[in-house]
Colleague: 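Please see the structure below; I have some questions.
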Amino acid sequence: MTKVHPKFQNTCEESLCDSKEAVVLTVWKKSLLFNCDGFTVYNSNGELVFRVDNYMNCPKDNIVLMDASGLPLLSIRRKKLSLGDWWMVYDGETQRDPIFTAKKNVSIMTNKKSLVSVSSKKTVLYEIEGSYSQRSCKILDERRNKKKTAEIKRKEAMVGGVSFGKDVFKLIVEPEMEPCVAMALTIILDQMYRY
């Protein structure tokens with residue numbers, strides 16, 4: 001049986017590896033806890049890096065991204081009483097002064113390819129383009145002339161080219177972006193486009 005988190009060398013594409021190497025994470029849309037919904041994230045050595053554990057009967061409006069030991073890194077909360085799908089990301093488990101917000105783009109009048117706009121204090125930080133349902137998204141840094149800072153890709157098995165399906169995929173994070181921020185944006189995409 002093929003492992004979800006096999007030990008392999010960091011094999012990012014040449015275009016992703018500038019002077020420093022990109023971090024390649026394996027994201028598994030499965031909680032470590034029984035009867036929970038969430039994510040388990042491994043690094044290229046097969047070590048647990050991040051986790052999200054939400055009980056099935058709890059509302060999905062408040063999600064906590066934790067490190068491997070369970071310490072909260074970021075809290076992701078849906079903005080209540082807003083038009084559209086807005087999410088706010090806070091440091092740890094605080095509820096004041098969000099680090100950034102993410103808004104689902106749903107304009108049918110424009111030809112915009114962006115799925116989500118990420119901003120902080122009315123300044124657009126990132127645009128996310130692609131298709132989350134196909135696990136093919138790029139996170140583009142608006143401050144760096146739309147430079148790709150992270151990417152979600154399907155993960156193929158190392159033996160036989162077998163696909164893991166949509167529940168296991170790669171998150172490739174460039175050195176300019178913190179992996180926990182890229183994972184928070186992945187969680188937001190999953191909440192916005194899960195159906």
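We number each residue from 1, following the sequence as shown. The figures that follow rest on heavy atoms only: side chains count, while hydrogens, waters and symmetry mates do not.
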Colleague: Roughly how far apart are S119 OG and K103 NZ, rounded to 0.5 Å?
Modeller: 9.5 Å
Colleague: Measuring only between side-chain heavy atoms, which start at C-beta, is F50 closer than 4.5 Å to L25?
Modeller: yes
Colleague: Side chains of V41 and M183: does their closest heavy-atom pair fall under 4.5 Å?
Modeller: yes
Colleague: Let me see the working for E93 and S75 under side chain to side chain donor-acceptor pair (under 3.5 Å), right down to the final yes or no.
Modeller: CA-CA 6 Å; E93 289 187 285; S75 294; 5.4 Å; no
Colleague: Please answer whether the main-chain N or O of E47 pairs with a side-chain N or O of N45 as donor and acceptor at a distance below 3.5 Å.
Modeller: no
Colleague: Could you tell me if the side chain of T101 sits less than 4.5 Å from the side chain of K79, heavy atoms only?
Modeller: no
Colleague: Check for me, please, whether I187 and M66 land in the same ILVMFWY cluster - side-chain distances under 4.5 Å, paths through other members count.
Modeller: no
Colleague: Do side-chain atoms of S44 reach the backbone of V24 as a donor and acceptor pair under 3.5 angstrom?
Modeller: no
Colleague: Shared ILVMFWY cluster between L73 and F39, side chains joined below 4.5 angstrom?
Modeller: yes
Colleague: Under 3.5 Å, side chain of T94 to main-chain N/O of Y90, donor-acceptor pair present?
Modeller: no
Colleague: Quick check with a 6.0 Å cut-off and a 45 degree axis cone: is K155 positioned over the face of F169's six-membered ring?
Modeller: no
Colleague: Compare all side-chain heavy atoms of C180 with those of L65 and state whether any distance is below 4.5 angstrom.
Modeller: yes
Colleague: Within this structure, what is the CD-CG distance for the pair E142 and L140, rounded to the nearest 0.5 Å?
Modeller: 7.0 Å
Colleague: First locate atom CG of L125, then atom CE of M177, and finally report the distance between them rounded to the nearest 0.5 Å.
Modeller: 8.5 Å
Colleague: Ring of Y126, cation from R144 - is the NZ or CZ under 6.0 Å from the centre and inside 45° of the axis?
Modeller: no
Colleague: So if you build clusters from Ile, Leu, Val, Met, Phe, Trp, Tyr with side-chain heavy-atom gaps below 4.5 Å, do V168 and L48 land together?
Modeller: yes
Colleague: How many angstroms lie between atom CD1 of I128 and atom CD1 of I152, to the nearest 0.5 angstrom?
Modeller: 7.0 Å
Colleague: Minimum heavy-atom separation for E174 to A22, with atom names?
Modeller: OE2-CB, 3.7 Å
Colleague: Please give me the minimum heavy-atom distance between S69 and R51, naming the atom from each residue.
Modeller: C-NH1, 4.4 Å
Colleague: With side-chain contact (heavy atoms from CB on, under 4.5 Å) as the criterion, how do T40 and Y42 come out once you've worked through the C-alpha distance, each side chain's angles and the decisive distance to 0.1 Å?
Modeller: CA-CA 7 Å; T40 306; Y42 299 96; 3.4 Å; yes
Colleague: Testing V181, I139, L185, I172 for side chain to side chain contact (heavy atoms under 4.5 Å, CB included) with T149, which one passes?
Modeller: I139
Colleague: Run the salt-bridge test on K29 and D167 with the 4.0 Å N-O cut-off and return the result as yes or no.
Modeller: no
Colleague: Assigning hydrophobic clusters by single linkage (Ile, Leu, Val, Met, Phe, Trp, Tyr; side-chain heavy-atom cutoff under 4.5 Å), is L74 placed with V23?
Modeller: yes
Colleague: What closest approach, in Å, do C137 and S131 show between heavy atoms, and which atom pair accounts for it?
Modeller: SG-C, 3.5 Å
Colleague: Charged N to carboxylate O below 4.0 Å: is that the case for D85 and R78?
Modeller: yes
Colleague: Measure the NZ-CG distance between K153 and L171 for me, rounded to the nearest 0.5 Å.
Modeller: 12.0 Å
Colleague: Answer yes or no: is there a side-chain heavy-atom contact under 4.5 Å between I76 and I188?
Modeller: yes
Colleague: At what distance, to the nearest 0.5 angstrom, does NZ of K113 lie from CG of N105?
Modeller: 13.0 Å
Colleague: Hydrophobic clustering (ILVMFWY, side-chain heavy atoms < 4.5 Å, transitive) - are F100 and W87 grouped together?
Modeller: yes
Colleague: Using a 4.5 Å cut-off on heavy atoms from C-beta on, say whether the side chain of V116 contacts that of M192.
Modeller: yes
Colleague: When you measure from the side chain of R154 to the backbone of Q134, do you find a donor-acceptor pair of N or O atoms at a distance under 3.5 Å?
Modeller: yes
Colleague: Between R135 (side chain only) and K166 (backbone N and O only), is there a donor and an acceptor less than 3.5 Å apart?
Modeller: yes
Colleague: Search all heavy atoms of D190 against all heavy atoms of Y132 and return the closest pair with its distance.
Modeller: OD1-OH, 3.0 Å
